[in-house]
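The structure displayed is predicted, hence computed values, not measured ones.
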Amino acid sequence: MNDNMVAFIGAGNMARCVIAAMVKSGYPASNIIASNRTEPKLQALAADYGIQTTLDNLTAVQKADVIVLAVKPQMMGDVCQQLIEQAPEIKEKLFVTVAAGLPVSRYERWLGEVRLVRSMPNTPSLVGLGVTGLYPSRCSNYEKAFVDTMFKGTGMTVWLDNEAEIDHVIAVTGSSPAYFFYFMQAMQQEAEALGFAPEQAKKMVAQTALGAATMALQSEHSFAELRAQVTSKGGTTHEAVTSFANAGLEQMVSEAMQAAIRRAREMAQTL
């Protein structure tokens, strides 16, 4: 699998994240090339990971076996159409997209009936602790295995049977880092109100969140069981959790996630 030449069209944060994960996992840097409209991001990638770079998208895709489309969604149509006009032979290559919101049907309109994996990484992928949803279209088992290897270094991968599930992944893992940051922000604010210094409050909250998440991953118990284990009836934690329940926390979370799904579907229609 390490023989495939992988071209990244676009050199933003998510492209950098996947490139870093591949190289750190042992993928040959010489078999990765990135293109971008401007030089600084390419220079940084070459310096940090030793990959090939170019300012010309066409040069990148002509060398590649796998083409990763990592430009902004609003630019994707123009980029794809230019590539297919200049190099129609790339229709035979495997495409991977990291652009949110664009369905397979849109790529087929621009590129034809290509083999494509639609991916939805989340921002913790930048620190190797992410979750990436993957939906394949017309791909072989070998191609799926290769793409899985590409993303493994970013964290957990989840293969989807239906494209509509990408919107669900957005609600569950794509947008959810912001949910946790929002909750931690509120906790930090209250900790500061209780007299802790801002940096101390931030570290206390973040460390507790990390510890709780690590315990959950290492335990076979459900979240409900883990919560019960630290919630003594009539105690301080019971009082706090009861306050959350009375405020309708579960309903708020459900409504927020459904709102994210609705917005993802709306964006797919307008991009």
Spatial distance of atom CE (Met267) from atom CG (Asp167) [nearest 0.5 Å]: 10.5 Å
Distance-minimising heavy-atom pair for Ala29 and Gly50: CB-O, 3.6 Å
For Met120 against Ala100, the heavy-atom pair lying closest together: SD-CB, 4.1 Å
Validation row: Val158, Val131 side chains within 4.5 angstrom (heavy atoms): yes
Donor-acceptor under 3.5 Å (Ser222 side chain, Glu225 main chain): yes
Test item: Ile67 and Ile90 side chains (from C-beta on) under 4.5 Å apart, heavy atoms: yes
Distance-minimising heavy-atom pair for Glu163 and Tyr135: N-CE1, 3.4 Å
Non-neighbouring partners of Glu113 that pass side-chain hydrogen bond (donor to acceptor under 3.5 Å, both in side chains), sequence neighbours left out: none
Ser119 versus Val96, closest heavy-atom pair with distance: OG-CG1, 4.5 Å
Approximate separation, where rounding is to 0.5 Å, of Thr154 OG1 and Lys24 NZ: 11.5 Å
N/O donor-acceptor pair under 3.5 Å between Ser175 side chain and Ala171 backbone: no
Set of residues satisfying side-chain hydrogen bond (donor to acceptor under 3.5 Å, both in side chains) with respect to Thr38, sequence neighbours excluded: Asn36
What side-chain donor-acceptor pairs closer than 3.5 Å can you find for residues 181-195, not counting sequence neighbours?
from   : atom 1 : to     : atom 2 : distance (Å)
Gln188 : NE2    : Glu192 : OE2    : 2.9
Gln188 : NE2    : Pro198 : O      : 3.2

With Gln251 via side-chain hydrogen bond (donor to acceptor under 3.5 Å, both in side chains) - residues at least two apart: Glu255
Connected via hydrophobic side-chain network under 4.5 Å: Val23 and Phe146: yes
Set of salt bridge (Lys or Arg N to Asp or Glu O under 4.0 Å) partners for Lys203, sequence neighbours left out: none
Pairs involving residues 68-93, ordered by first then second residue, that meet side-chain hydrogen bond (donor to acceptor under 3.5 Å, both in side chains) (sequence neighbours left out): none
Any donor-acceptor pair under 3.5 Å from Tyr179 side chain to Thr173 backbone: no
Verdict with reasoning, Ile19 to Leu45, per side chain to side chain contact (heavy atoms under 4.5 Å, CB included): CA-CA 8 Å; Ile19 290 169; Leu45 284 171; 4.1 Å; yes
Step-by-step side chain to side chain contact (heavy atoms under 4.5 Å, CB included) determination, Trp110 to Met76: CA-CA 9 Å; Trp110 298 324; Met76 190 66 75; 3.6 Å; yes
4.5 Å side-chain heavy-atom contact, Ser140 and Arg115: no
Validation row: Asp148, Trp159 side chains within 4.5 angstrom (heavy atoms): yes
Side-chain touch Asn4/Tyr27, heavy atoms, less than 4.5 angstrom: yes
Any side-chain heavy-atom pair of Thr132 and Asn122 under 4.5 Å: no
Co-members of Met5 in a cluster of I, L, V, M, F, W and Y side chains, linked at under 4.5 Å: Ile33
Joint hydrophobic cluster, Ile9 plus Val104, side-chain heavy atoms closer than 4.5 Å: yes
Rounded distance (nearest 0.5 Å) linking atom OG1 of Thr157 with atom CG of Leu134: 6.0 Å
Shortest non-hydrogen separation from Leu58 to Leu83 and the atoms involved: N-CD2, 4.2 Å
Check against side chain to side chain contact (heavy atoms under 4.5 Å, CB included), Leu116 and Cys139: CA-CA 7 Å; Leu116 176 81; Cys139 298; 5.7 Å; no
Full working for side chain to side chain contact (heavy atoms under 4.5 Å, CB included) between Ile261 and Ile170: CA-CA 7 Å; Ile261 291 171; Ile170 290 172; over 6 Å; no
Side-chain heavy-atom pair Phe95, Leu111 within 4.5 angstrom cut-off: yes
Non-hydrogen atoms of Leu226 and Ala216 that approach each other most closely: CD1-CA, 3.7 Å
Side-chain donor/acceptor pairs under 3.5 Å, residues 238-248, sequence neighbours excluded:
from   : atom 1 : to     : atom 2 : distance (Å)
Thr242 : OG1    : His238 : O      : 2.7
Asn246 : ND2    : Thr242 : O      : 3.3

From CZ (Phe8) to CD1 (Ile32), nearest 0.5 Å: 6.0 Å
Glu266: partners by salt bridge (Lys or Arg N to Asp or Glu O under 4.0 Å), with sequence neighbours left out: Arg263
Thr214 side chain to Leu210 backbone, donor-acceptor under 3.5 Å: yes
Shared hydrophobic cluster, Val79 / Ile84 (ILVMFWY, side-chain heavy atoms < 4.5 Å): yes
Pairs touching residues 97-109 that satisfy side-chain hydrogen bond (donor to acceptor under 3.5 Å, both in side chains), sequence neighbours left out: Thr97-Tyr107, Glu108-Arg138
ILVMFWY cluster membership beyond Met215 - transitive side-chain contacts under 4.5 angstrom: none
Any side-chain heavy-atom pair of Val117 and Glu143 under 4.5 Å: no
Residue pairs passing the side-chain hydrogen bond (donor to acceptor under 3.5 Å, both in side chains) test where at least one lies in residues 45-71, sequence neighbours excluded: Arg16-Asp48, Ser35-Asn57, Gln52-Lys63, Asp56-Thr59
Met22 CE to Asn31 CG distance, which is reported to the nearest 0.5 Å: 8.5 Å
